[in-house]
Amino acid sequence: MKLWTKLSAMTALILLAAMGTSGAAVIYRSVQYNQHKTIESCEHQLKSTAYAIGRELENGLKEEYSETTKHSYINYVVKKYGASEYILIEDEQEICNLTPFELKNPGDERWNQPEGCSVIQRGGDRYILISGKPVSMIGDAEYKLVFVQDISDLYKDMKEQALLSFIVFLGAVMISMILIFLVTKKILRPLKELQHAARDISEGKLERRADVHTRDEIGLMAADFNKMAERIEDQVTELSQVSEQRRQMLGSLTHELKTPMTSIIGYSDTLLHVNLKKEQQERALQHIKEECSRLERLSSKLMSLIGLYENDSICMEEVSMQELFEQVARLEEHHLSKGGIHLVYSCCMNNRQVDRDLFESLLVNLIDNGAKASEEGTTISLTARDNVITVSDQGCGIPKEEIERVTEAFYMVDKARSRKAGGCGLGLALCSMIAQLHHARLSIESEIGKGTKVSVIFQEK
């Protein structure tokens, strides 16, 4: 059973019990009140009549009257005050009965009470009100007057009123139950919206929110639910970003390992297949050692760069840009010579605070990207002046509409060409991250068929 049905049913039952109890109490109180008022009226009438009859009997009843005359006079007096409602008792015997009823116990002690006494007797569907009180002592005789009235119509009216009240009660209850069902369903409608929102979020629609704007407790719960949903979405987004960072890390490591590994493989192959002088062998081994050390440092720095570890391993130091250019030229010499590409460099820049290994990686990446886009016999230019370092090539260029996207991770302009050249779309993304770490930005200018110029522009302090 649904919640709104349960609440409606419980409310209706409580309302039914409350209205039934209060209605029964009102009807019962009404019956009691009508009985009391009827008895009170009859007793008041009885008291007045008894006083009047008593006065007349005292003044008009003579001792010399015969029994017949006496009874005739008494009947006359009683009829005068109550045509068919009174019974007069003399010394516990009826001497005048104008009612259609027979008094079973004329000597009942209840009629001796000075203030009178009233009882209601039921016979079938009839209700008889009997009230009696003493009249007076006339000579040696004691008289009591009994008032008898059929009040069945009163009870009939009360039954009709009770029936009418019950019908009204049932009608009110039915209307109330319908209204309760409708109102409860409307009030709980926001809960249904919350249910649908929770189901959608569980199915992966993290942007879903509960469209509830009430100011009651349900509205507050919906607001907290939406905050929770936003927090969940943020956490899932954060986890996705962490996952993407890890993917970028693996790709970046793979990308960055290629250049030093190429050098290591090249020098190792030379040592294995070429007879070199001892000095040349030592130089090749020294290069292999340097590249291995660079790989170790680079791995730690790349993981720090993408936020998986603290940046403790990133070390900013004052570096001679001229020496850095020369180092990059030596590293790229073997790789570029295989493709018949020439590197020309010129540095007119003062020393700068940089991380040598990361910045070396940035320049190597820019040169490698230029080499992948260049044909044999072309030239790549590496220059530095004031606060700008520029790498220019004479390659195929980048379409204008794609320039803004080339720094996105794993984005490649010509996927077939890039994969054939061993690329994975992380070079410029990594360069952009390294530049940001050094408070610089990348600026890319390119024209199809004429080449590309990538500038690293440092912010002036």
Side-chain angles (χ1 to χ4, degrees), residues 252 255-256 258-260 262-263 287 290-291 293-294 297-298 301-302 305 311 314-337 339-374 377-398 403-404 406-407 423 426-447 450-461:
S252 299
H255 185 274
E256 288 304 309
K258 285 184 178 180
T259 300
T262 299
S263 298
H287 278 296
E290 289 177 358
E291 291 301 317
S293 298
R294 177 169 172 262
R297 295 193 305 272
L298 193 59
K301 292 176 188 297
L302 285 172
L305 182 63
N311 291 338
I314 297 177
C315 179
M316 295 292 188
E317 58 182 339
E318 188 169 327
V319 175
S320 169
M321 302 307 289
Q322 178 66 34
E323 292 180 2
L324 185 62
F325 276 30
E326 293 173 357
Q327 174 69 12
V328 170
R330 286 195 298 271
L331 290 174
E332 290 295 289
E333 180 181 4
H334 177 73
H335 173 63
L336 295 178
S337 62
I341 299 172
H342 303 285
L343 175 65
V344 178
Y345 64 92
S346 171
C347 182
C348 297
M349 179 180 284
N350 297 328
N351 296 348
R352 297 197 69 89
Q353 288 285 333
V354 297
D355 183 293
R356 177 185 292 273
D357 293 320
L358 287 179
F359 213 82
E360 180 182 300
S361 176
L362 183 150
L363 296 177
V364 168
N365 267 294
L366 294 179
I367 293 171
D368 283 348
N369 284 343
K372 291 173 185 176
S374 301
T378 57
T379 300
I380 294 177
S381 175
L382 172 61
T383 61
R385 183 177 299 276
D386 297 330
N387 292 322
V388 181
I389 297 176
T390 303
V391 176
S392 303
D393 63 62
Q394 301 171 347
C396 59
I398 303 172
I403 289 178
E404 293 183 357
V406 293
T407 56
L426 279 171
L428 285 176
L430 186 62
C431 290
S432 178
M433 295 172 67
I434 296 174
Q436 291 176 14
L437 185 65
H438 289 82
H439 306 290
R441 62 181 178 86
L442 292 186
S443 175
I444 303 174
E445 300 175 19
S446 184
E447 189 174 348
K450 294 186 177 181
T452 301
K453 180 172 73 173
V454 181
S455 299
V456 181
I457 304 173
F458 291 92
Q459 298 177 3
E460 295 186 6
K461 297 182 180 179

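Bear in mind that the values here come from a model prediction, so they are computed numbers and not experimental data.
Rounded to the nearest 0.5 Å, atoms CD (Gln436) and CZ (Arg441) are 11.5 Å apart. Interatomic distance, SG of Cys315 versus CG of Asp357, reported as 9.5 Å (0.5 Å rounding). The distance from the CG atom of Leu366 to the OG atom of Ser361 is 9.5 Å, given to the nearest 0.5 Å. Rounded to the nearest 0.5 angstrom, Ile457 CD1 and Thr390 OG1 are separated by 7.5 Å. Atom-to-atom distance recorded for His287:NE2 and Ser263:OG is 9.0 Å, nearest 0.5 angstrom. To the nearest 0.5 Å, atom CD of residue Glu360 and atom CG of residue Leu331 are 5.0 Å apart.
The one candidate from Leu437, Leu324, Val328 that meets the side-chain contact (heavy atoms from CB on, under 4.5 Å) condition with Phe359 is Leu324.
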Task: From CA spacing to verdict: side-chain contact (heavy atoms from CB on, under 4.5 Å), Val388, Val456 - done: CA-CA 6 Å; Val388 181; Val456 181; over 6 Å; no
TODO: Given side-chain contact (heavy atoms from CB on, under 4.5 Å), test Asn365 with Ile434 step by step and report yes or no.
DONE: CA-CA 11 Å; Asn365 267 294; Ile434 296 174; 5.5 Å; no
- [ ] Check the pair Leu343 / Glu333 against side-chain contact (heavy atoms from CB on, under 4.5 Å), numbers first and verdict last.
- [x] CA-CA 8 Å; Leu343 175 65; Glu333 180 181 4; over 6 Å; no
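Of all the heavy atoms in Thr452 and Ser446, the pair that sits closest is OG1-OG, 2.8 Å. Asp368 approaches Glu332 most closely through the heavy-atom pair OD1-OE1, 2.5 Å. In terms of heavy atoms, Thr378 sits closest to Gln394 at CB-OE1, 3.6 Å. Closest approach of Ser374 to Asp393, counting heavy atoms only: OG-CB, 3.7 Å. Taking both residues in full, the closest heavy atoms of His438 and Gln353 are given as CD2-O, 4.2 Å, listed atom of the first, atom of the second, then distance.
Side-chain contact check for Thr383 versus Ile389: every heavy-atom pair is 4.5 Å or farther apart.
Not one N or O on the side chain of Asn387 forms a donor-acceptor pair closer than 3.5 Å with the backbone of Phe458.
Heavy-atom contacts from other residues, nucleotides or ligands closer than 6.0 Å to CG of Asn351 number more than 12.
For the residue pair Glu326/Gln322, the side-chain donor-acceptor check at 3.5 Å is satisfied.
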